[in-house]
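Beneath this line is the structure, given in structure tokens, with notes to follow.
Owing to the predicted nature of the structure, the values given are computational and were not obtained by experimental measurement. Here is how names work: the chains are called A, B, and so on, in the same order as the sequence lines, proteins then strands, and each is numbered from 1.
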Amino acid sequence: MKYSFKDIEEKWQKFWEEKKINEPDLRNAKNPFYNLMMFPYPSAEGLHVGNLYAFTGSDIYGRFKRMQGYDVFEPIGFDAFGIHSENYAIKTKRHPSKLIPQNIANFTRQLKKCGLMFDWSHVVDTTDPKYYKWTQWIFLQLYKAGLVYRKKSPVNWCPECKTVLADEQVIGGKCERHSDTEVEKRELEQWFFKITQYADKLYENLKWIDWSQNTKTAQELWIGKSEGAQIIFSVKGIDEKIVVFTTRPDTLFGATYMVLAPEHPLVPLLTTSDRKREVEDYVQKAIKKDQITRLDVTKEKTGVFTGSYAMNPANNSEIPIWIADYVLWGYGTGAIMAVPAHDSRDYEFAKQFNLPIIEVISKTGKPSEGELELYDGEGILINSGEFNGMNSDIAKRKIVEHLNKKGIAEFKINYRLHDWCISRQRYWGPPIPMVHCDKCGILPVNENDLPVLLPETDNYLPDDSGKSPLARVESWVETTCPKCGSKARKDTDVSDNFLDSAWYFLRYPSVGIDDVPMDKEITRKWLPVDMYIGGNEHAVLHLMYTRFICMALHDLGLIHFEEPFKRFRAHGLIIKDGNKMSKSKGNIVNPDEYIDKYGADTFRMYLMFLGPYQEGGDFRDSGIIGIHRFLEKVNSLSELNFTDETDFDDETNTILHQTIKVVTSDFESLKYNTAIARLMEFLNYIREKNITSKLIIKYFTQLLAPLAPHIAEEFWNKLGYSGSVFNSKLPVYDESKIKISNVNIVIQINGKIKDRIDVPKGLDEKELEKIALENEKVKAAISNKIINKIITVKDKLVNIVVK
RNA sequence: GCCGAAGUGGCGGAACUGGCAGACGCGCUGGACUCAAAAUCCAGUGAAGCUAAAACUUCGUGUGGGUUCGAGUCCCACCUUCGGUACCA
């Protein structure tokens, strides 16, 4: 019989939808399992193979859990606000409010063909006022908790997007959305979320959360916790202090100069009149320099002397104060003590400007001979007064303690992480729910007045003014002060798209309940998420922001957990012809074509067969046919006359139960490629042995179901079972049925294989040895040699070592 | 530069705690079926050597060393690719 995948897939998709097979009872489920995948941005181009790869792998896991008896909730939604959507709308000259619903409809149509176990009754669309009302509400809760503030500071400005960006959205000095647009620094007043207040918790929890290690490492590096000390340096002849941060207080005696970032506020004060011109010149240039050149490590160091000197508190020596752009205003205190002997950057700078280099750490405890080379490791202190001879790790503590008594040093932990700049000067996002009143200042909108609706306007293009297009919609901007009632103005920025996605999964189970963002009881039942699968490109974006938001909501008593995901696994990337799939490379694959040609089951399995799910794979058409043939063979099983046989020979039992065992554990560890290989082997066996037992076919169908849901349902039905195969329980393997009576052991001489023979399982070492020595090939090979020793491994091998 | 992952047939990839390298699939070769082709089925398929054929021998998991009776797997040094990060004091 022909494998008419089209009919089969349509039939079962309809069945699932009509019977609400994939809609668990969220209030009464006994055994909840929340299976989450990263919701897509609904692009106009439609569903991408990358999306489908991510979804399919997650879906297989969800279906697998379901067949283990869980009530699985597997929702989907659309991350439809944001610059990406808006830029596309601008490009194609269609208003985002018209374009996005079309895209969502198209995505929905495509997704419904892919055999995914979505609960379509709980869809989130971030642009729906019923959703973004609560996004704004979360903003207000954080504001009330003191986690939101407004500050004028140098922020990242993308000249292409014409908006500010958070640090996480600047990739290598370029805009996340425009990989060839350099981000500029602009001094603007913006809203920030105090994510740094949670820096330590974000960092520490990484030690126990069950996430892919590479994701955790990325976050660890981004948060960049470093332990050290702050030390105060006084300035000669001026009543000012310079505070520095260092992780190496043990090298204090080797500090031969200081460096301030060009933006440091003390710079004008420290500059002597004779140096003024040079310094101002340098500062001007440095600030103007774009990020890329400034951060280019390979270029020569530049800097300028201020004319002032500081006192090294260790030995009261005078050290010159310099300004250089290798010191960053955004990190630590924006000033350093430079220890050229033991820091590569200081070393380079000192060489360039002929500054003194004093060795204070050496491996031996004695000064190095010959020309002094950079050494940035640990060691023994020299040239350090009373601390000489001390180990650097002890000296780190002692020196700070010593200075602390004088009140000029303290231990300090610094983070690389910066506060999250949340405002965007764009149109397509939730307006920030704040009001500016001349009398009362800046106030939050009353919660009862939410949502602050995004105004309809055709004049939504961003401009270079540093103001959002919303500022141009006068009628919308005008409002009344929530406190005094007089005329006031709405905040005209919208919030970052990553705020929308920071809490979408909190909303899913409560979709349809409109008086609260999250129903308490349902949230307690379903959250935190049991399994989250997604791309690692969000390691320091979405995955960091969402942890912060949950921690904040937790501390506000709004949710009962601080870590949103019990498990997170990053899937690999699909590449084609050695490259990431992208429009610019012209190697985009449209899943529709393949699904039309081979069916969703084939395409799903093919994607999973490419390689280990957590490592990704190389997309090439040629392999699809193999999976399609496999499913055709599966389909042809339906021509069998099934028997009720339930007693099988040892071989069949062994293969059956081993297959169940291995496939089940492969599903659990997301090794879908080997699970598929196992099922292929099993099918080959069934065909070779002409097995017609209904029971065996049933087990096979169940194991196949998570991978190829449509054909599995069809078969389930053909076997005479009613309802959905996904309401059945996966078979559990029985170890006692795995009977191997004979094992194939290897006989080696000096580690080289001479023969392979079948012996009964469980023979002891002596017996194996005897068999090996009686082997004809062995006899021939060792005839006149002396046996040194014999190594036997039970059920595996005998190795005869001869001279 | 630093951090991480990986390098296995013609290709995608298997190989549990060191113990039969190349599972499974693609491709290719030969055969069956066919007027022929496609599809399907059967057999073979790491390389070299030696054979009429088989048997057999040698080599073989990026490179070079090492540990071990035995290394794709462990250790050291290096090379390459991919990903992340980038003057973070």
Side-chain angles (χ1 to χ4, degrees), chain A residues 171-173 213-215 217-218 220-222 224-226 228 244-248 251 255 259 261 291-292 294-299 301 324-328 330-339 342-346 348-349 376 414-418 536-537 539-540 572-573 575 578-580 605-606 609-612 614-627 629-630 632-633 636 662 665 671 673-684 687 744-753 755-756 777 788-802:
Chain A
I171 315 283
Q213 189 51 49
N214 49 353
T215 314
T217 307
E220 214 173 281
L221 291 171
W222 187 261
K225 181 178 184 172
S226 51
V244 304
F245 173 74
T246 178
T247 53
R248 295 297 301 270
T251 64
V259 186
Q291 292 281 291
I292 305 292
R294 181 154 172 190
L295 295 182
D296 186 358
V297 196
T298 54
K299 76 159 191 343
K301 297 245 179 313
D325 64 5
Y326 82 91
V327 172
L328 308 175
Y331 183 76
T333 60
I336 61 157
M337 60 177 216
V339 185
H342 306 293
D343 179 280
S344 61
R345 298 147 301 178
D346 298 346
E348 207 186 305
F349 191 80
D376 57 10
N414 241 319
Y415 298 93
R416 225 190 80 125
L417 183 70
H418 289 162
N536 217 19
E537 67 273 16
V540 295
L573 274 184
I575 56 168
N579 290 305
K580 251 189 222 179
M605 283 186 74
Y606 171 64
F609 195 54
L610 286 176
Q614 295 187 71
E615 283 165 37
D618 196 354
F619 189 95
R620 49 187 62 231
D621 292 12
S622 57
I624 295 181
I625 193 72
I627 296 285
R629 279 180 198 149
F630 168 74
E632 274 174 342
K633 286 178 200 165
S636 68
V662 174
S665 84
K671 289 189 200 148
N673 56 333
T674 48
I676 293 169
R678 273 291 173 157
L679 287 171
M680 285 173 167
E681 281 182 85
F682 192 42
L683 180 66
N684 290 343
R687 286 161 58 90
N744 195 267
I745 65 155
V746 174
I747 300 175
Q748 301 177 323
I749 291 177
N750 289 348
K752 301 217 166 185
I753 295 153
D755 206 359
R756 296 154 212 217
K777 287 178 191 165
N788 257 2
K789 64 172 156 179
I790 301 177
I791 287 148
T792 53
V793 181
K794 209 171 160 184
D795 296 335
K796 284 226 170 97
L797 63 82
V798 180
N799 187 12
I800 302 164
V801 186
V802 298

Response to the item:
With B for base contact, S for sugar-phosphate-only contact and - for none (protein heavy atoms under 4.0 Å), nucleotides 14-24 of chain B reads S----BBS-BB
Nucleotide [N], atom [atom2] - distance to [atom1] of [X] in whole Å:
X: A:D343; N: B:C87; atom1: CG; atom2: C1'; result: 9 Å
X: A:N214; N: B:A6; atom1: CG; atom2: C1'; result: 13 Å
X: A:I575; N: B:G83; atom1: CD1; atom2: P; result: 9 Å
X: A:E537; N: B:C82; atom1: CD; atom2: P; result: 19 Å
X: A:F245; N: B:C87; atom1: CZ; atom2: P; result: 16 Å

Please enumerate all residues that pass side-chain hydrogen bond (donor to acceptor under 3.5 Å, both in side chains) together with [X], with sequence neighbours excluded.
X: A:S226; result: A:Y331
X: A:K225; result: A:D200, A:E204
X: A:T674; result: A:D666
X: A:T247; result: none

Worksheet item: Side chain of A:K301: nearest nucleotide among B:C87, B:A89, B:G12?
Response: B:C87
Taking only the [atom1] atom of each, what is the distance from [N] to [M] in whole angstrom?
N: B:G10; M: B:C82; atom1: P; answer: 22 Å
N: B:C24; M: B:C42; atom1: P; answer: 14 Å
N: B:C74; M: B:U61; atom1: P; answer: 15 Å
N: B:U8; M: B:G72; atom1: P; answer: 15 Å
N: B:G46; M: B:A23; atom1: P; answer: 8 Å
N: B:U73; M: B:U63; atom1: P; answer: 11 Å
N: B:G12; M: B:C28; atom1: C1'; answer: 16 Å
N: B:G83; M: B:G13; atom1: P; answer: 15 Å

Identify, with sequence neighbours excluded, every residue that meets side chain to side chain contact (heavy atoms under 4.5 Å, CB included) alongside [X].
X: A:Q614; result: A:S212, A:R569, A:L670
X: A:L573; result: A:K580
X: A:S344; result: A:L374
X: A:E220; result: A:Y203, A:L206

Item to complete: Determine the interplanar angle of the A:F619 and A:Y606 rings, folded into 0 to 90°, and report it as parallel if under 30°, tilted if 30 to 60°, perpendicular if over 60°.
Response: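 Rings of A:F619 and A:Y606: perpendicular, as their planes differ by over 60°.
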Item to complete: By nearest nucleotide on RNA chain B, pick out whichever of A:G617 and A:G623 is the more 5' one.
Response: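 In this pair, the answer is A:G617.
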Fill in: Residue mapping more 5' on RNA chain B - nearest nucleotide basis, A:G616 or A:Y331
A:G616
Worksheet item: With sequence neighbours excluded, what pairs up with A:F609 under the ring-ring contact (aromatic ring centres under 6.0 Å, His included) test?
Response: none
Worksheet item: From A:L610 CG over to A:D618 CG, what is the distance, rounded to the nearest 0.5 angstrom?
Response: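 Reported to 0.5 Å precision, the distance equals 7.5 Å.
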Discussion item. Going by the glycosidic torsion and a 90 degree boundary from 0, is the base of B:G83 oriented syn or anti?
Written reply: anti
Is there any protein nitrogen or oxygen under 3.5 Å from a nitrogen or oxygen in nucleotides 37-42 of chain B, and what are the pairs?
residue, atom, partner, partner atom, Å
B:U40, OP1, A:R629, NE, 3.3
B:C41, OP1, A:R687, NH2, 3.4

Discussion item. Below the 4.0 Å mark, does B:A86 have OP1 or OP2 next to a side-chain nitrogen or oxygen of A:R416?
Written reply: yes
Response to the item:
Writing each nucleotide of RNA chain B 5' to 3' as (, ), [, ], | or . by Watson-Crick or G-U pairing under 3.5 Å yields (((((((..(((......[....)))((((((.......))))))((((......))))..(((((..]....))))))))))))....
